[in-house]
Amino acid sequence: MRVLVVGGAGYIGSVVTRILTQQGVEAVVLDNLISGHRESVPQSCRFVQGDMGDAGELDRVFEDGIDAVMHFAAHSLVGESVENPAKYFDNNFAKSLVLFEAMRRHQVQTLIFSSTAAVYGETNTSPITEEHPLNPTNPYGESKLAVEKAMKWYSRAYAFRYASLRYFNAAGAFDAVGEDHSPETHLIPIALQVAAGQRDELTIFGDQYPTPDGTCIRDYVHVADLADAHVKALRYLCDGGDSVVFNLGNGTGHSVKEVVAATERVTGKKLPVRIGSVRSGDPAVLVASSEKITRSLSWTAQLSSLERMIGDAWNWKQKYPRGYSFRGTH
Ligand SMILES: NC(=O)c1ccc[n+]([C@@H]2O[C@H](COP(=O)([O-])OP(=O)(O)OC[C@H]3O[C@@H](n4cnc5c(N)ncnc54)[C@H](O)[C@@H]3O)[C@@H](O)[C@H]2O)c1
C-alpha cells in the first residue's frame, strides 16, 4: 500500500511517516517546507517539495499510484489566524479542496485528516465528546471545520471515505523527530527551552481560572500515540469502514502549573515563571473524551503520561539542542 502524506515533514506527519514505514506501508511525502523540516523525513521515503495547492504537482504524484492520503498540511497559529484569516482559509481550506479534487481525478477514496479541538470553540463541558456543538472562536478552527464540512459532503456525493481526527495537544518525541516550531507556541517545548537556558522565563497566561490551581487545564497526547491512531484509522477505512470523526486526547487534563512541576522533575531544573495576563478565548479546561475511538478502533493512549511525554521531549532536546537547525538528513 502506498500512502501520500501531505505535510509529512512537520512534527506529527513525520512521526506518522516513520511509523507507517516501520509497518511496511510505503509513504510518499509532499510538503512545501513552510513550517516543516526536510531532515525529519526518513531517507527511505520519496520526498516531493511541493504545495498542496499545486494541482499539476499533485497530478504527477498521484500518477505514480497512491492508495490513500493522510493530510497534515496547515498553518496553525491561532493568533496569526485572527490577524490574517485570508492566509488560513486559503492554505487550510481552499488548498485542501485542490487536494480533494486531485484525489477525485485519480480515484483515490481514502483520507485521514488532521482536525483540531479548536473546532469546538468555547466550552464549559468536560470531557468534550464529538457531539459537542461546533463553534470555533478563531479562523484557524473555522478553516479546519470548513474542511470537515467539505469532507462530509464529498463523502455523501462521491465514493470518498474519511476519518477526521480532532487532536488536542500533541507532545513528546519519537525516534529522531521532536517538536520544533518557529515561532514556538506550545507549552512543553517552551518549558524545555527555559530548562535548557534558551529562554529566560515561562509566562503563565492567568492563574485565576476556576481550576484547582488557578491555571488552564489541557489534554496532552504523545505524538506516537497519535501516530498509532492514524494507522488504526487507515486500516479501518481500508477494511470498508464508514466516514467518521474521532477525538484524540488522553481523557486526563494537566494544568499549566502541573506541566511546569513535571518539567522541573524531569529536567532537574527550576523554571523561572511569570504570571501574565489572560489570553482572550482561552477556556479554563479543554479535555477530550476519546471513548468513541477506544470503542470503535480499540485505541488508547499508551505513552501519554506527563512524565513520559516531557521525558521523551527532553531527551530529544538534549540530543538536538537547536532542533533541526544544523542537522543533516537521517
Ligand atoms: N501540534 C498540535 O498539538 C496540533 C493540535 C491540533 C491539530 N493539529 C494539526 O495537526 C497538523 C500537524 O500539526 P504539526 O504540529 O505537525 O504542524 P507542523 O507545522 O509541524 O506541520 C505541518 C506541515 O504542513 C506543511 N504545509 C503547510 N501548508 C502546506 C501546503 N500548502 N502544502 C504543502 N505542505 C504544507 C508544513 O511545511 C509542515 O511540514 C496540522 O494540520 C495542525 O493544524 C496539531
Side-chain angles (χ1 to χ4, degrees), residues 74 76-83 85 88 92 113-149 151-152 163-171 185-188 190-191 202-222 225-226 229 244-262 273-296 299-301 304-306 309:
S76 45
L77 297 173
V78 168
E80 182 188 60
S81 80
V82 175
E83 300 291 316
Y88 279 70
N92 297 3
F113 173 62
S114 300
S115 189
T116 166
V119 297
Y120 295 114
E122 298 269 7
T123 176
N124 294 318
T125 310
S126 187
I128 301 172
T129 68
E130 291 82 355
E131 283 67 47
H132 188 283
L134 302 170
N135 292 309
T137 52
N138 53 66
Y140 165 63
E142 200 76 70
S143 68
K144 290 282 185 175
L145 181 55
V147 177
E148 284 202 2
K149 288 183 174 170
M151 292 190 302
K152 182 182 87 179
S164 186
L165 304 181
R166 293 180 182 155
Y167 318 151
F168 281 58
N169 297 279
T185 57
H186 295 100
L187 177 60
I188 292 174
I190 288 176
L202 182 143
T203 304
I204 295 180
F205 298 106
D207 65 350
Q208 301 298 317
Y209 282 93
T211 58
D213 66 19
T215 63
C216 287
I217 294 177
R218 295 289 179 269
D219 186 328
Y220 299 88
V221 183
H222 197 291
D225 281 333
L226 288 183
V244 69
V245 177
F246 289 128
N247 281 342
L248 280 182
N250 92 38
T252 315
H254 296 288
S255 73
V256 179
K257 283 188 176 166
E258 284 171 352
V259 171
V260 170
V273 163
R274 183 176 76 81
I275 305 299
S277 45
V278 166
R279 293 183 299 195
S280 73
D282 239 358
V285 181
L286 265 185
V287 174
S289 163
S290 296
E291 266 180 30
K292 185 176 171 192
I293 189 167
T294 302
R295 227 177 24 247
S296 308
W299 177 86
T300 50
S304 297
S305 73
L306 205 46
M309 290 184 283

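- Inspection of the Tyr88 and Glu80 side chains reveals an N or O donor paired with an N or O acceptor under 3.5 Å.
- Note that CG of Leu145 is 9.5 Å distant from NZ of Lys152, once rounded to the nearest 0.5 Å.
- Between Asp219 and Thr252, every side-chain heavy-atom pair lies at or beyond the 4.5 Å cut-off.
- Side-chain atoms of Asp225 and Tyr220 include no donor-acceptor pair closer than 3.5 Å.
- Partner of Ser255 under the side chain to side chain contact (heavy atoms under 4.5 Å, CB included) criterion, chosen from Thr215, Thr211, Asp207: Thr215.
- Residues Leu187 and Leu202 have side chains in contact (heavy-atom distance under 4.5 Å, counting atoms from C-beta outward).
- Residues satisfying the ring-ring contact (aromatic ring centres under 6.0 Å, His included) criterion with Phe113, sequence neighbours excluded, are His71.
- Under 3.5 Å, the side chains of Asn250 and Ser304 contain no donor-acceptor pair of N or O atoms.
- The shortest side-chain heavy-atom distance between Ser76 and Tyr140 falls under the 4.5 Å cut-off.
- Side-chain contact check for Val287 versus Phe168: every heavy-atom pair is 4.5 Å or farther apart.
- Once rounded to the nearest 0.5 Å, the distance linking CG of Asn169 with CG of Leu226 reads 10.0 Å.
- Within 6.0 Å of the CD atom in Glu291, the count of heavy atoms belonging to other residues, nucleotides or ligands does not exceed 12.
- A donor and an acceptor atom, one from each side chain of Asn247 and Ser290, are nowhere located under 3.5 Å apart.
- A donor-acceptor contact under 3.5 angstrom links the side chains of Ser115 and Glu148, judged on distance only.
- Each of Glu142, Lys149, Arg166, Lys144 was evaluated against Leu134; a single residue qualifies, Arg166, per the side chain to side chain contact (heavy atoms under 4.5 Å, CB included) test.
- Looking at Ser114 and Tyr167, their side chains do bring a donor and an acceptor atom within 3.5 Å of each other.
- To the nearest 0.5 Å, the span separating CD1 on Ile188 from NE2 on His254 amounts to 8.5 Å.
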